[in-house]
Asks: 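Take a look at the following structure, please.
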Amino acid sequence: MSNTKYIFVTGGVTSSLGKGIISASLAKLLQARGYSVTIQKLDPYINIDPGTLNPYEHGECYVTNDGAETDLDLGHYERFLNVPTSQANNVTTGRIYQSVIIKEREGAYLGKTVQVIPHITDEIKRRVQLLGETGDFEIVITEIGGTVGDIESLPYIESVRQMKWELGHSALVIHLTLLPFLATTGELKTKPTQHSVKALLESGVQPDILVCRTEHAISADIRRKIALFCNVNVNSVIESIDAETIYDVPLLMLKEQLDKVVLSKLRLPLKHEPELEQWKEFLGKLKNPLNEVRIGLIGKYVELKDAYKSIAEAFIHAGVANECRVKLEWIHSERLDEANVASKISGLNGIVVAPGFGGRGIDGKIIAIRYARENNIPFFGICLGMQCAVIEFARNVLGWADAHSTEIDSETKHPVIDLMDEQKKVTAKGGTMRLGEYACAITKGTKALQAYGKSKIAERHRHRYEFNNKYFQKFEDAGMIASGINPDNNLVEIIELKDHPWFLGVQYHPEYKSTPENPHPLFVRFVKAALESVQSYSVQSSKLSAVH
Ligand code: GLN
C-alpha cells in the first residue's frame with residue numbers, strides 16, 4: 001500500500017455548511033506547504049452522476065477534462081487547487097452499486113451473498129484509495145456528501161470507520177458542524193454539535209478535528225466545552241466564522257492553524273510556511289476594486305444562483321484581473337420581451353447568455369442578444385447562449401424568420417443549430433453528450449485569438465447540438481465568423497462578429513477552467529470590453545455635459 005494519507009470530511013447538524021469550501025481550503029493550505037493533494041466527493045444519491053439532474057435539484061453540473069459530469073464542489077476543488085480533477089474525484093452511491101451489481105452478474109463473488117458490508121463498503125474503500133494509488137498524491141481529502149445520521153450516508157460512514165481502523169495515523173476525520181447563535185440570550189449553542197458527534201460515535205467513528213461554523217467568534221470557554229464533550233483536543237476545535245468571500249476561507253483556516261493540527265495528527269512534517277502570495281494578492285485586488293462593471297446574466301435558472309456557479313466565479317476572477325468589481329445582474333430569460341428589453345439591458349456594460357437545455361426562456365435570450373448586437377453592448381454566449389446568437393443572426397440579419405435549433409423546433413426549414421452526427425443514434429440520456437475536453441484551432445485576426453494569445457486551445461464541452469456547417473458561408477459573408485474550429489471534425493466552436501466592440505459565443509464551457517490564479521482569458525477580455533464600454537459612456541457623457 002502507498003504512503004498516501006486520507007482525510008475524511010463529514011458534516012453534521014445541517015446541510016449546506018460548506019464542506020466543499022472547508023475541504024478545498026484545507027487542501028489549499030497543505031498544497032501551499034508543498035504537499036500534493038487532491039479532493040474527492042462521495043455523494044450518497046442513487047443517480048450514477050448529476051448529469052441527469054435538474055439544476056433546481058442540484059445546482060450546476062461541473063464537467064472535468066476527462067468528461068465526468070460531477071457535483072459543483074469539484075469546481076471549488078479545481079478553483080482552489082488549480083489542479084484538474086477527473087472521473088475518480090466524484091463517486092455516487094449509484095456508481096458504487098452499479099460496479100458491485102455488474103461484478104455480481106459476472107460471477108465475480110463466487111456464489112457468496114452480496115451485501116452492504118463488506119461488498120458495498122469494499123467498493124467505497126476501493127474508490128477512495130484509487131486516487132492514492134495513482135502515486136500522484138500524498139494526501140487525499142474525501143468529502144462525504146449529506147449529513148451524519150442520514151440513512152443513505154451509513155455505508156460511507158461505515159467505510160470511514162473501517163479505513164480509520166486499518167490505516168491508523170494515516171487517516172483522520174474532520175467533522176464540520178454548526179454552532180447556532182441564539183439572539184435572545186446572545187449565546188452560541190454547542191448542543192447540536194454534541195449530538196452530531198454522538199451520531200458519528202454510534203457508527204464507531206471518533207472525529208479527530210471539529211470545524212465549527214459560526215456567525216460569532218468562539219470563546220476559549222466554548223472551545224473547552226466542545227473539546228470535553230466530544231473527545232477532541234482544544235486545539236482541534238476550529239472556528240469557521242462567516243466570511244466575506246469563499247476565497248478568504250483558506251486564510252481563516254490558516255489563522256486557526258487547521259493545517260498544522262492536521263499535519264501533526266497525520267505525523268507529517270510542516271515543511272515550509274504556506275506559500276500564499278499569489279492568493280493574497282488576488283484577495284487584495286478582490287477587496288479593493290478600482291472600477292465596477294454591471295453584467296447581465298441571462299438564464300432560466302436565475303432564482304437558483306448555484307445553477308451558474310462556475311460562471312459567477314469566473315466573473316470574480318476576471319474582475320480581479322481587470323481590477324474591477326463585476327456586479328452580476330441576474331435576468332430571468334422568461335421575463336424578457338420586446339417591450340422591456342431596453343429597460344432591462346440598456347444600462348448594462350455587457351450581457352452573458354447562459355447555457356441550458358430545452359426551449360423555456362429561449363425567446364427572451366434571443367431578444368436580449370438582438371438588443372446587444374444592435375446597440376454595441378458587449379455580448380458573451382456560452383453553449384446554448386452561443387447557439388441563440390447564431391439563431392438570432394440567422395433570423396434578423398440573414399432574414400430566415402423560422403431559423404432555429406432542432407432541439408427546439410425539429411421542423412424548421414433553417415436548422416442553423418442541429419444535432420451532431422455522433423448524437424443521432426444516441427437514445428440514453430446519462431453520460432451520452434459530447435463531454436469533456438476537445439481541441440480547438442483559433443483563426444488569425446480574431447478577438448478569440450487576441451484573448452487566448454495562442455492558436456491551439458482545448459476546452460470542456462457538454463452538449464448534443466452544434467452549428468450547422470451547411471450554413472457556414474452565408475454567416476461568414478454576412479459578418480458572423482467562425483473564429484474557432486475543432487481541427488479533427490470541423491465543428492464550429494467559437495463565433496464572433498467582425499463589426500461589434502465584443503460579440504463572441506463559444507460552444508464549450510470556458511467557466512469550468514477559470515481559477516483565481518488562472519482567470520479565463522475570454523472572461524478577462526469580455527470584462528475588459530465591458531469596462532471599456534463604461535469608460536466610453538463616461539467620455540460621451542462628459543462631452544455632452546461640456547456642450548450643455
Ligand atoms: N442544449 C444545447 C445542446 O445540447 C446546449 C447545451 C448547453 O448549453 N450546455 O447542444
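Every heavy atom of this structure was used, including side-chain atoms; hydrogens, water molecules and symmetry mates were not. Start at 1 and go down the list; that is how both ligands and their atoms are numbered.
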Asks: Need the ligand 1 atom indices (1-based, order shown) with element for anything under 4.0 Å from a heavy-atom of Arg462.
Replies: 6 (C), 7 (C), 9 (N)

Asks: Can Gln387 be said to touch ligand 1, with heavy atoms closer than 4.0 Å?
Replies: yes

Asks: Could you tell me if Asp71 and His58 have a donor-acceptor pair between their side chains, going purely by distance under 3.5 Å?
Replies: yes

Asks: Within ligand 1, which atoms have a heavy atom of His509 less than 4.0 Å away?
Replies: 9 (N)

Asks: So Ile298 and Leu336, side chain to side chain contact (heavy atoms under 4.5 Å, CB included) or not? Walk me through it.
Replies: CA-CA 9 Å; Ile298 300 172; Leu336 261 177; 3.9 Å; yes

Asks: Provide the number and element of each atom of ligand 1 under 4.0 Å from a heavy atom of Arg464.
Replies: 3 (C), 4 (O), 10 (O)

Asks: Check this for me: does any side-chain nitrogen of one of Lys41 and Glu143 sit under 4.0 Å from a carboxylate oxygen of the other?
Replies: yes

Asks: Assess whether a salt bridge exists between Glu244 and Lys287, defined as any Lys/Arg side-chain N lying under 4.0 Å from an Asp/Glu carboxylate O.
Replies: yes

Asks: When only distance counts, is Cys383 in polar contact with ligand 1, meaning an N/O pair under 3.5 Å?
Replies: no

Asks: Going by distance only, is there an N or O of Gly358 that falls short of 3.5 Å from an N or O of ligand 1?
Replies: no

Asks: For atom 10 (O) of ligand 1, which protein heavy atom lies nearest, and how many Å away is it?
Replies: Tyr465 N, 2.8 Å

Asks: If you measure from the Lys or Arg side-chain nitrogens to the Asp or Glu carboxylate oxygens, is any gap between Arg213 and Asp242 under 4.0 Å?
Replies: yes

Asks: Which ligand 1 atoms are under 4.0 Å away from a heavy-atom of Phe357?
Replies: 1 (N), 4 (O), 6 (C), 7 (C), 9 (N)

Asks: Return the closest protein heavy atom for atom 1 (N) of ligand 1 as residue, atom name and distance.
Replies: Glu407 OE1, 2.7 Å

Asks: Do Pro50 and Tyr62 come close enough that some side-chain heavy atom pair is under 4.5 Å?
Replies: no

